[in-house]
Amino acid sequence: MSLTRAERTIIVSMWSKISTQTDAIGTETLERLFSCYPQAKTYFPHFDLHTGSAQLRAHGSKVVAAVGDAVKSIDNVASALSKLSELHAYVLRVDPVNFKFLSHCLLVTLASHFPADFTADAHAAWDKFLSIVSSVLTEKYR
Amino acid sequence: MLTAEEKSSVTALFGKVNVDVVGAEALGRLLVVYPWTQRFFEHFGDLSTADAVMGNPQVKAHGKKVLESFSEGLKHLDDLKGAFAKLSELHCDKLHVDPENFRLLGNVLVVVLARRFGGEFTPELQASFQKVVTGVANALAHRYH
């Protein structure tokens with residue numbers, strides 16, 4: 001599965017808007033993840049996950065920044081996320097189902113913040129892109 | 001499954017939903033984002049581009065039907081399996097729809113609600129809706145054999 005040129009254009013152009021709100025988007029995405037899929041909290045026993053938590057904001061920022069790295073190297077996501085891919089495979093070992101949950105929550109957050117930009121085509125492009133990112137992050141699992 | 005508070009917040013938000021418009025958007029987006037779902041709708045005519053899908057009158061009509069049914073289901077949150085029993089049999093025996101499609105549609109509906117309600121669609125409200133769409137999807141799969 002790879003992105004068409006049109007899909008890449010959509011993602012890169014939306015990213016320029018998203019990148020002005022990475023903290024808010026990141027925090028909200030994680031809040032949605034932990035509200036809707038409380039089992040995801042099992043990976044963060046060492047975190048304060050309450051609304052407003054500094055750790056939540058910092059981690060949300062980190063996650064969105066990584067998505068940004070993938071956008072900036074949209075022609076070669078595997079190379080941009082290679083270190084993160086190893087981290088997830090050998091250290092974090094987050095069950096792959098959670099990438100679907102996180103991707104869905106990011107889509108919901110984008111839809112809620114950018115209703116006009118989040119057309120059906122944009123929805124498709126982002127769903128596909130996040131699915132590629134998830135694949136890259138799990139490709140070294142076994 | 002849902003607390004009284006969750007039921008009331010879900011019902012309150014859904015009360016503001018234009019079932020025609022949201023149904024059409026949800027079904028349309030399902031067909032665009034997950035194009036393999038078009039396999040059930042080859043008789044719907046032009047589904048070749050996102051614009052074609054979103055503007056297709058049969059997609060709109062069917063989307064409305066689907067969401068009307070979902071709406072009805074919201075009145076029976078305590079017995080979704082009972083409420084969707086007949087539809088479950090229909091989707092298995094006549095329509096031959098893989099229940100995975102109900103999960104996909106449920107999540108697309110959640111994205112559509114987020115797009116239309118913005119900040120009002122809080123993480124807590126989303127969590128309640130996720131329980132509802134999961135409940136409906138499970139109810140629709142319940143009579144499969």
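Proteins get letters first, then strands, A, B, ... in listed order; numbering begins at 1 in each. Here the structure is a predicted model, which is why all the values come from computation and not from measurement.
- Neither the backbone nor the side chain of A:Phe34 comes within contact range of chain B; no heavy atoms are under 4.5 Å apart.
- Nearest heavy-atom pair across A:Val67 and A:Phe129 is CG1-CE2, 4.1 Å.
- Taking the six-membered ring for Trp and the full ring otherwise, the centers of A:Phe47 and A:His59 sit less than 6.0 Å from each other.
- Put simply, the side chain of A:Glu7 gets close to the backbone of A:Thr4: a donor and an acceptor are under 3.5 Å apart.
- Each of A:His104, A:Glu28, A:Glu31 has some count of heavy-atom pairs under 4.5 Å with chain B, and the biggest count is that of A:His104.
- For B:Ser128, no part lies near chain A; criterion is any non-hydrogen pair under 4.5 Å.
- Between A:Leu81 and A:Ala70, the closest heavy-atom pair is CD1-CB, 4.1 Å.
- Hydrophobic clustering keeps A:Ile10 apart from B:Val33 (ILVMFWY residues linked when any side-chain heavy atoms are closer than 4.5 Å, directly or through intermediates).
- If you tally non-hydrogen atom pairs under 4.5 Å between each of A:Thr119, A:Leu107, A:Leu33, A:Leu110 and chain B, the highest count goes to A:Thr119.
- Interface check for chain B: of the options A:Ala116, A:Pro38, A:Ser35, the most heavy-atom pairs under 4.5 Å are formed by A:Ser35.
- When heavy atoms are compared at a cutoff of 4.5 Å, B:Phe129 does not approach chain A at all.
- Each of A:Cys105, A:Ala125, A:Ser112 has some count of heavy-atom pairs under 4.5 Å with chain B, and the biggest count is that of A:Ser112.
- The contact between B:Gln126 and chain A is made by backbone and side chain atoms together, counting heavy-atom distances below 4.5 Å.
- B:Tyr144 and B:His91 have their aromatic ring centers separated by at least 6.0 angstrom.
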